[in-house]
Novice: 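First the structure, then my questions, so here it is.
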Amino acid sequence: MARTISFLLNGEAVEVRVEDHWSLLHLLREELGLTGTKEGCGSGECGACTVLVDGKAINSCLYLAVEADGREVLTIEGLAAPDGTLHPIQQAFIDHGAIQCGYCTPGMILAAKALLDENPDPTEEEIRHGLSGNLCRCTGYLQIFEAVRAASASVRKEGIRVLSGERGR
Amino acid sequence: MEAFTAVGHRIPKLDAVEKATGRARYIQDIKLPGMLYGKILYSKYPHARIVHIDTAKARRLPGVKAVLTGDRIPKIRFGFYKDNVPLKTGKVRSRRDEVVAVAATDPDIAQEALDLIEVHYEALPAVFDPEEAMQEDAPLVHEEHKTNVLKLPWKLHYGDVEEARKRARHVVKERFRVTWVTHCCLGTSGVIAEFDQSNNLTVYRNTQIPSLAQKDFMDALRAMGLGDRRVRIIKPYIGGAFGSKLDTYAFEYIAILLAYETRRPVCILFDRKEEFFATSTRQPAIIDIAQGCDAEGRLLFRDVSMILDNGAYTSWGATTPSVMMMPISSLYRVPNVRYHARCVYTNNTWSQAMRGYGNPQATFAIESSMDMLAEEAGIDPVEFRLINVNQPGEVTPQGFRITTCGLRECIEEVKRRLDWDGPKGLGEGVGIASLIHVGGGARVYKSDGCGTLLKMDDYGRVEVFTGATDMGQGADTVIAQVVAEELGLRVEDVRVIHQDTDVCPWDVGAHASRTTFVACNSALGAARRIKERLLDLASRELAESPEALILRDREVRSRRDPEKRMEIGKLLRKAHFRLKGQMLMADYFYDPANENLDREFKGNLSMTYTFGAHGVRVKVDEETGKVRILKYVAAHDVGRAINPMLLEGQVYGGALMGVGYTLTEQLIVDKGEVMNPNFRDYKVPTAKDAVAVETAIIETVDRDGPYGAKGIGEPGCVPTAPAIANAVYDATGVRIRELPLTLERVLMAIREKGAPNPVTPQPEGR
Ligand code: FES
Ligand code: FES
């Protein structure tokens, strides 16, 4: 069965025909060509496919595309400002060596965003908890934690209210 | 000397912006026009005769463009022992044996086609235990081989172990076991193969060995009757490697064969389950080790014998003994050494390189045994190691010429930071283990070289075409740093291109922690040629002798006369846009002066060796068996940290991979079948398990290293297991001899404490 859904994708309205069994990950990567969202396991165990739906981090490999109907979806492609200015979390990941192979990175950054949106000043424990669904095999996580702390500080300092689903800063 | 402007700085990885914005394209993200999707049907049995394969239904399925079986393909043999073929004929020898392959217009159709294929097998008796496989009447995995024991030369004896054993005051012997673990790259394996009209082949592949893969595929083309055709390897971004992509595999040849058959690009991507069961693991081993020392605690001998479960086919796992030899012969000063390893075919999965290449396995046994011997001799483990510590200038029994060596400093740093002699809480213990690894390339192949082409534009920017492979470790960035430093440019002026064998020179591959050392030396060689010409041009423009000129801050300037200066870009334009103009380009091929091992396995394998020591403080819950790491210190002699931030990332990542190896990770293989091919049941450390590793970076500035650097890609995961196991012993009095130290295993050992040790077999006499 196919049906048409419409939702806000990275701030832009899209209308698209989807099959009932499609995952949101499939829709994004295979149908819409947004390959920034990665697949690491296809079964909800690695977090590489993390995107934000109405501000909440979800595993898009398990999330049915039809469920996105009427919602706001934010993927890694929508995080930087249209002029290319990076989101503070992206910048912090870059500056703190939190990216090696980079395969976990889009999911990790969006998981971090969901965390900081809800809790702008997380403790180390809260960061670990917030990212525990996102595996990284390269970094040993420590520089990722550093990046999240740094992003949290810069978000608070600059008084930026990072709204879910909002485009860029 | 002026401070460096690029080297030694915490410069973000060059491709980090692409990766942080989701623009970096991995093999999973590439779609070529007309591309087909290949899938592989694997064996249902660990050992069986293939009686009949019926592919008729699959062939009729709309969308299916090709179905291949072993009897319909040319004779392509691959792997270190050339005992593997892309699609099996006659019989299957493991559960990961490839039997049929299909290509279809859509992955779902390809999957449906696999489901329509019927293969009739006749089960054969199988063997899963390497010791059983060595017995006379064991089923043969490869009949033509006549025995399950591979004919490999892993045997060495330096000095006289038996004589030393007689002299030894204290002797310990023990058996250790290490099992299968796997790389768990977040990005799975994948390949796209495409032929052009003239049958030249392009392969997109997340490989660590572009040049060697190119050669392997050229051999395959020869077998296909296309011997004179070209092969081009394009490397997209690599989603992690860690040794898993150091060989060519059946699925790559299958993609090539399907592409040839269909005349269309064919993509094969592994799903996570395949990644777990159909890629090669770290080499498991049964290790018998005996060591002895004199009354003063000086090591007299080390005697090691190993049995390696080779699995059904042979990749680099079977050659890990050539690296295990390194710590066995050369970690600490030990005059008499004997080592023998046998690799045995079984119907299990088979192994490959994985970060450390056998070194973590061997070091687990050596460093656990070191603690046992220290206790036997009544000497503190740190003291005992310092008595035997390696020293600069020494030549080890294997002929390794140690240049710089910071092992003493590493051990002392660990001792200090861990507060080794300080008080310990209830259930707490401390442990230490050291490492030696190749730090200046490793001549395991006929060449250990890496080529660089360098060209400058009209604006003072430079492109570096390198043979090196970046797989996330930061090769691109450190190469840019040394080139920028040498040419007085900024790192952002340097672009490093490493993705395409059509434009990049040869390199033996990203292994042996060699890339920083070899590829940076190569890039430096090319940069120096450019520098010489820049200075020559400038000396004429500025009327100054070249010796008085330096390159810095995008300028060439005189040391003596601050008025004499010119922007490098301007200098380049002046050289270019004139009659008989010139542009600056240079090439360089760096092949280190290290040596292949001889028949006795002697030779200076690496230009320099890297050392380190890890120390941990643990708390063991005697009720649950849980080992909690309270503090972790990783001290490394790195020569020089070209980029401390990336270097720390290598150590953090390596150490946590080591922690996974030690505490939680294992592929559970039952009758040849991987029972836990997913992240739910195979426990990779998560953010919650991340250990707050404290790094201590010791710079010994090696004379042969680029700006003094040694390799650091692998060392981080080498001493983790014995450091933790030694700490667990310190905490509980329980010696765990088998990895991983799961809750059950630790708990069981604690419960059995007091019961006599089971008799362990000793290394056999030779
Ligand atoms: S791909 Fe969705 S959780 Fe792994
Ligand atoms: S950077 Fe490679 S998996 Fe995280």
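The sequence lines fix the lettering, A, B, ..., with proteins before strands; numbering per chain opens at 1.
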Novice: Of the listed residues (A:Gly102, A:Gly42, A:Gly36), which shares the most heavy-atom pairs with chain B below a 4.5 Å separation?
Specialist: A:Gly102
Novice: Aromatic ring centroids of A:His21 and A:His26 under 6.0 Å?
Specialist: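 Distance test on ring centres: not under 6.0 Å, no.
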Novice: Name the region of A:Glu125, side chain, backbone, both or neither, that has any atom closer than 4.5 Å to a heavy atom of chain B.
Specialist: neither
Novice: With a strict 4.5 Å heavy-atom criterion, list every residue of residues 652-661 of chain B that contacts chain A, or say none.
Specialist: B:Tyr652, B:Gly653, B:Leu656, B:Met657
Novice: Distance only, no hydrogens: is a donor on one side chain within 3.5 Å (strictly under) of an acceptor on the other, for B:Thr188 and B:Gln28?
Specialist: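 There is such a pair (donor and acceptor under 3.5 Å, judged by atom type) between the side chains of B:Thr188 and B:Gln28.
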Novice: Select one option (side chain, backbone, both, neither) describing which atoms of A:Thr139 are under 4.5 Å from chain B's heavy atoms.
Specialist: backbone
Novice: Examine the side chains of B:Glu694 and B:Tyr632 and answer whether a donor and an acceptor come within less than 3.5 Å of each other.
Specialist: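 Their side chains do not contain a donor-acceptor pair, so the 3.5 Å distance test is not met.
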Novice: May I ask you to say whether A:Glu30 pairs ionically with B:Lys31, meaning some side-chain N is under 4.0 Å from a carboxylate O?
Specialist: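 Between B:Lys31 and A:Glu30 there is a salt bridge, with a charged N closer than 4.0 Å to a carboxylate O.
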Novice: After noting the C-alpha distance and the side-chain angles of B:Tyr237 and A:Tyr103, does the key distance pass the ring-ring contact (aromatic ring centres under 6.0 Å, His included) rule?
Specialist: CA-CA 9 Å; B:Tyr237 282 96; A:Tyr103 204 83; over 10 Å; no
Novice: Which bit of B:Leu186 is near chain A, if near means a heavy-atom gap under 4.5 Å: side chain, backbone, both or neither?
Specialist: both
Novice: A:Ile109 versus chain B, heavy atoms under 4.5 Å apart: side chain, backbone, both or neither?
Specialist: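 Contact with chain B: side chain only.
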Novice: Could you check whether A:Ser43 and B:Asn678, counting side-chain N and O atoms only, form a donor-acceptor pair closer than 3.5 Å?
Specialist: no
